[in-house]
Peer 1: 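For reference, the structure I am asking about is given below.
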Amino acid sequence: MAFASTRFINEKVLELQKEIGSNAKTMIATSGGVDSMTCVMLARRALDKKNITVLYLNDGLMREGEGEEIKRFLKTVGIELQIWDVKDAFFEGLKGKFDPEEKRVAFREVFYKTLGQAVKSYSVDFLIQGTIAADIAETQKGIKTQHNVLSQIGINPAYFGLKIVEPLRELYKHQVREVAKKLGLPRKFAERKPFPGPGLATRIIGEVVPERVEKVRKATQIVESILTSPGTFQVMAVLLSDKATGMINGKRMYGDIIVVRSVESKDALTASPSKIPWAKLYKVRDKILAEVPGVVKVLYDITPKPPSTIEYV
Ligand code: XMP
């Protein structure tokens with residue numbers, strides 16, 4: 001049976017009104033991704049705008065200009081985005097961490113500590129999270145600890161004095177996009193490719209430090225601008241921790257290795273590599289070599305999921 005997005009919206013609006021009521025204060029932390037932005041649009045329909053705080057934590061791990069783009073859109077629907085600059089706390093937490101799961105844990109700890117501070121400072125009663133069905137399935141299977149499935153990673157929301165609401169937990173990504181469009185979210189948000197909570201940190205093997213994030217951010221912009229197409233699930237650039245010998249200014253030297261990954265998928269549970277024409281890959285390669293300092297190799301990843309995951313960390 002086809003997914004009935006209008007019915008879903010009507011039901012969820014009623015549920016939110018019943019659960020949260022007309023006086024309680026609600027917060028949504030958004031990264032600009034379709035899941036959290038759909039939560040914002042649902043909350044806006046169900047609740048009084050003056051009781052909703054939408055927060056963007058600038059953790060230093062997001063893509064170029066994301067906060068400002070979200071702020072501009074939300075203004076058009078009458079919501080003032082709160083932006084907190086918390087880069088230093090995240091880089092401090094990630095310093096000296098090399099193990100992938102340790103990095104995720106460090107990210108999560110800083111994220112919830114910061115969110116805890118925000119919840120307190122805005123006196124919030126409810127936190128709406130954009131957890132979707134794939135997050136829950138993968139966390140249950142132990143494939144990855146998704147930071148937005150709190151109870152499953154041993155975090156007790158009551159500790160922060162708030163209740164968690166997850167209105168999208170039954171939906172898969174394509175259904176969230178349908179709901180998003182029905183709610184009037186512009187295509188650039190509704191069709192936005194998934195981007196992980198820990199941001200560019202999932203695309204850095206080894207230590208996450210500002211200079212390395214800057215390289216991945218630049219490479220990400222290049223890869224996304226050339227390879228993004230409506231059918232493609234996700235495209236990314238990854239910085240490896242190994243170095244390779246190359247020639248920079250006519251001299252043999254050790255340089256960075258960037259991996260380009262583009263995958264086709266419906267629900268992120270399985271994925272296959274995109275069959276990209278050589279000409280496009282060459283374009284990506286040339287731009288990365290010209291614009292990301294210190295890179296001597298650009299590789300294309302042809303691994304499906306499974307056995308690979310989509311991200312590298
Ligand atoms: P993996 O790498 O597990 O990714 O195959 C599956 C999908 O989930 C995204 N992803 C995350 N999203 N928080 C998120 O919100 C996370 O910690 C996280 N880790 C991976 C990934 O980008 C892909 O779309």
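One-based numbering, in listed order, for ligands and for the atoms of each.
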Peer 1: Quick check on contacts: which atoms of ligand 1 are under 4.0 angstrom from a heavy atom of P194?
Peer 2: 24 (O)

Peer 1: With heavy atoms of P198 as the reference, note each atom of ligand 1 found under 4.0 Å away.
Peer 2: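 Near P198, the atoms of ligand 1 are 13 (N), 16 (C), 17 (O).
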
Peer 1: Identify, by atom number and element, the atoms of ligand 1 in contact range of K305, meaning under 4.0 Å from any of its heavy atoms.
Peer 2: 1 (P), 3 (O), 5 (O), 6 (C)

Peer 1: For G197, take its heavy atoms, then give the atoms of ligand 1 lying under 4.0 Å from any of them.
Peer 2: 12 (N), 13 (N), 14 (C), 15 (O), 16 (C)

Peer 1: If you draw the axis of the six-membered ring of Y312, does the NZ or CZ of R261 fall within 45° of it and under 6.0 Å from the ring centre?
Peer 2: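 Judged by the rule, R261 and Y312 form no cation-pi pair.
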
Peer 1: Return yes or no for this condition: an N or O of R104 is under 3.5 Å from an N or O of ligand 1.
Peer 2: yes

Peer 1: Going by atom types alone, do S274 and S262 pair a side-chain donor with an acceptor below 3.5 Å?
Peer 2: yes

Peer 1: So for ligand 1, is E311 a polar contact partner (N or O within less than 3.5 Å, distance only)?
Peer 2: yes

Peer 1: Report whether V209 and I258 are members of the same hydrophobic cluster (ILVMFWY, side-chain heavy atoms less than 4.5 Å apart, transitive linking).
Peer 2: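 No; I258 is not reachable from V209 via cluster members.
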
Peer 1: Determine whether the side chains of Q175 and E170 contain a donor N or O and an acceptor N or O closer than 3.5 Å.
Peer 2: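 Looking only at side-chain atoms, E170 and Q175 do not form any donor-acceptor pair under 3.5 Å.
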
Peer 1: Is there a polar contact between ligand 1 and F195, counting only N or O atoms under 3.5 Å apart?
Peer 2: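 Min N/O separation from ligand 1 is not below 3.5 Å for F195.
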
Peer 1: Quick one: do E69 and R72 make a salt bridge, cutoff under 4.0 Å?
Peer 2: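 No, E69 and R72 are not salt-bridged.
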
Peer 1: Test of understanding: with ring pair (Phe, Tyr, Trp, His ring centres under 6.0 Å), list the residues that count as partners of F90, not counting sequence neighbours.
Peer 2: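 F90 satisfies ring pair (Phe, Tyr, Trp, His ring centres under 6.0 Å) with F107 only.
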
